[in-house]
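See below for the structure under consideration.
The residues of the chain are indexed from 1 along the displayed sequence. Quick caveat: nothing in here was measured; it's all calculated off a predicted structure.
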Amino acid sequence: MKGNFTSGTDSQNITSSLHFRLVNISSSNDSIFNCPQKPSDKHLDVIAVLYYIVFVIGFLVNTVVVMLFCCQKGPKKVSSIYIFNLAVADLLLVATLPLWATYYSYRYDWFFGPVMCKVFGSFLTLNMFASIFFITCMSIDRYQTVLYPFLSQRRNPWQASYTVPLVWCMACLSSLPTFYFRDVRNTEYLGVNACIMAFPPEKYAQWSAGIALMKNILGFIIPLIFITTCYFGMRKHLLKTNSLGKNRITRDQVLKMAAAVVLAFIICWLPFHILTFLDALAWMGVMNSCEVIAGIELGLPFAILLGFTNSCINPFLYCFVGNRFQQKLRSMFRVPIT
């Protein structure tokens, strides 16, 4: 699957694999794959419609969360501060989806200029990482609440004032490669001006594989370790509790809610990171099958969409239903939770 990229200031033809997708579009001087067939793009119309649906749902539910927090009177709880920042990250993420839906519907033809390409590409990546990082913070916070209820009641909202800026700074740092490399390039093969990750052609394979692995590690593996560790820690602790009647029901509900958080994260993000990892293997020369590459190209837009649906699910897990989490714990341990 090869085409030629030509920049507006450089007449050099750059050989490219047709990885035309939202997260990573590539170019390289060396021929990595030799797949002459042009990939089908019929599924892109469906992807564009689904993006608009996710945008509407995600925008509405996260706006409600932000409004509830802003209207809340009195001191804010640590968990509420995390929920608010998670909702802000998800809201900003889904706010970019109409732009990318248009990009898909026009077959990767970017009409909005190089500045918008760089800014919105970075903005999307930043808020994707911020959302995942705040989910991790929420899991750690709930773990501490369950295992150390008496200490958790002494938590000061100022603690969150240190954690929140740190999370946003980590998200900004994670999005710096996107901000630096994303740009608009013309491709004669598809006849479009594509918003791509324009890595240096001579080292494209290394950069592409490196960025893919960074997303796997920072955006999935490390958060998943924290999230699952917190869940199994809560499960082990709560199952030791001799709860009867109503307290047992509450305990089971808490465990189900914690399990739902883990499952939602895995189901929404695992397909994207599997395909990203396979793509990294392809760039490193481990795989060179045209069928595998075609499968990655077809599956990635749907995997990215599934990841974005996590922004629609989060309010139901952490706010609409999740706010009852503290009430259940208060009833079980009979201590105030702040």
Side-chain angles (χ1 to χ4, degrees), residues 16-17 19-28 30 32 86 89-90 92-93 96 100 117-137 139-140 163 165-183 185 194-229 265-287 292-293 296-297 299-308 310-311:
S16 169
S17 75
H19 288 192
F20 286 94
R21 56 186 181 268
L22 178 58
V23 172
N24 183 24
I25 305 174
S26 60
S27 58
S28 173
D30 299 323
I32 299 178
L86 174 62
D90 287 336
L92 295 176
L93 188 152
T96 68
W100 301 112
C117 168
K118 184 178 292 290
V119 170
F120 276 87
S122 307
F123 197 66
L124 177 67
T125 305
L126 187 156
N127 288 289
M128 179 186 73
F129 277 109
S131 177
I132 293 171
F133 294 162
F134 278 116
I135 290 174
T136 307
C137 289
S139 296
I140 295 173
T163 305
L166 178 62
V167 170
W168 283 108
C169 285
M170 290 174 57
C172 288
L173 290 174
S174 302
S175 66
L176 282 180
T178 303
F179 181 78
Y180 185 80
F181 288 111
R182 188 168 282 277
D183 202 355
R185 291 289 187 271
C195 178
I196 70 168
M197 291 290 281
F199 295 129
E202 65 277 5
K203 292 185 178 180
Y204 187 85
Q206 295 91 325
W207 273 105
S208 183
I211 295 298
L213 292 176
M214 182 200 75
K215 291 176 182 177
N216 287 154
I217 295 171
L218 291 182
F220 188 75
I221 295 176
I222 293 178
L224 182 62
I225 290 173
F226 277 100
I227 293 170
T228 53
T229 300
F265 182 79
I266 293 175
I267 292 172
C268 289
W269 285 111
L270 182 60
F272 167 73
H273 286 284
I274 288 176
L275 293 177
T276 301
F277 179 72
L278 293 177
D279 187 57
L281 293 180
W283 279 111
M284 290 186 293
V286 178
M287 296 188 309
V292 173
I293 303 306
I296 294 174
E297 300 306 322
L300 260 171
F302 292 99
I304 295 168
L305 175 68
L306 185 60
F308 291 161
N310 197 219
S311 296

Quiz item: Roughly how far apart are Leu275 CG and Glu297 CD, rounded to 0.5 Å?
Solution: 9.5 Å

Practice problem: Give, for atom NZ of Lys215 and atom OG1 of Thr125, the distance between the pair rounded to the nearest 0.5 Å. | Solution: 6.0 Å

Quiz item: Taking atom CH2 of Trp207 as the centre, does the number of heavy atoms from other residues, nucleotides or ligands within less than 6.0 Å exceed 12?
Solution: no

Practice problem: Answer yes or no: is there a side-chain heavy-atom contact under 4.5 Å between Tyr180 and Phe199? | Solution: no

Quiz item: Are any of the side-chain heavy atoms of Ile135 and Asn310 separated by less than 4.5 Å?
Solution: yes

Quiz item: What's the shortest heavy-atom distance between Met197 and Pro177, and which atoms?
Solution: CE-O, 3.9 Å

Quiz item: Counting only heavy atoms not in Phe181, do more than 12 fall under 6.0 Å of its CZ?
Solution: yes

Quiz item: Closest heavy-atom contact between Ala89 and Ala130?
Solution: CB-CB, 3.9 Å

Self-check item: Side-chain donor or acceptor of Arg182 paired with backbone N/O of Cys117 under 3.5 Å
Solution: no

Exercise. Would you indicate whether Phe277, at its atom CZ, is surrounded by more than 12 heavy atoms from other residues, nucleotides or ligands within a distance under 6.0 Å?
Key: no

Self-check item: Polar side-chain atom of Ser131 near backbone of Met128 as donor-acceptor pair, under 3.5 Å
Solution: no

Self-check item: Minimum heavy-atom distance Cys137-Val167, with the two atoms named
Solution: SG-CG2, 3.7 Å

Quiz item: So, Ser208 side chain and Tyr204 main chain: donor-acceptor pair closer than 3.5 Å or not?
Solution: no

Exercise. Enter the distance from Asn216:CG to Leu224:CG here, rounded to the nearest 0.5 Å.
Key: 12.0 Å

Practice problem: Flag the pair Leu270 / Phe220 as yes when at least one side-chain heavy-atom distance between them is below 4.5 Å, and no otherwise. | Solution: yes

Self-check item: Heavy-atom closest pair, residues Gly219 and Phe265
Solution: O-CZ, 4.0 Å

Quiz item: With no hydrogens and no angle check, is any side-chain donor or acceptor of Asn127 less than 3.5 Å from a backbone partner on Phe123?
Solution: yes

Quiz item: Between CD1 of Ile274 and CG of Leu300, what distance do you get to the nearest 0.5 Å?
Solution: 11.5 Å

Self-check item: Thr228 side, atom OG1; Ile266 side, atom CD1 - distance, nearest 0.5 Å
Solution: 7.0 Å

Self-check item: Beyond-backbone contact of Leu124 with Phe308, side-chain heavy atoms, under 4.5 angstrom
Solution: yes

Quiz item: With a 4.5 Å limit on heavy-atom distance, are the side chains of Ser174 and Phe133 in contact?
Solution: yes

Exercise. Can you measure from CD1 (Ile217) to CD1 (Ile222) and round to the nearest 0.5 angstrom?
Key: 7.0 Å

Quiz item: Is the backbone N or O of Phe179 less than 3.5 Å from a side-chain atom of Ser122, with the two atoms forming a donor-acceptor pair by type?
Solution: yes

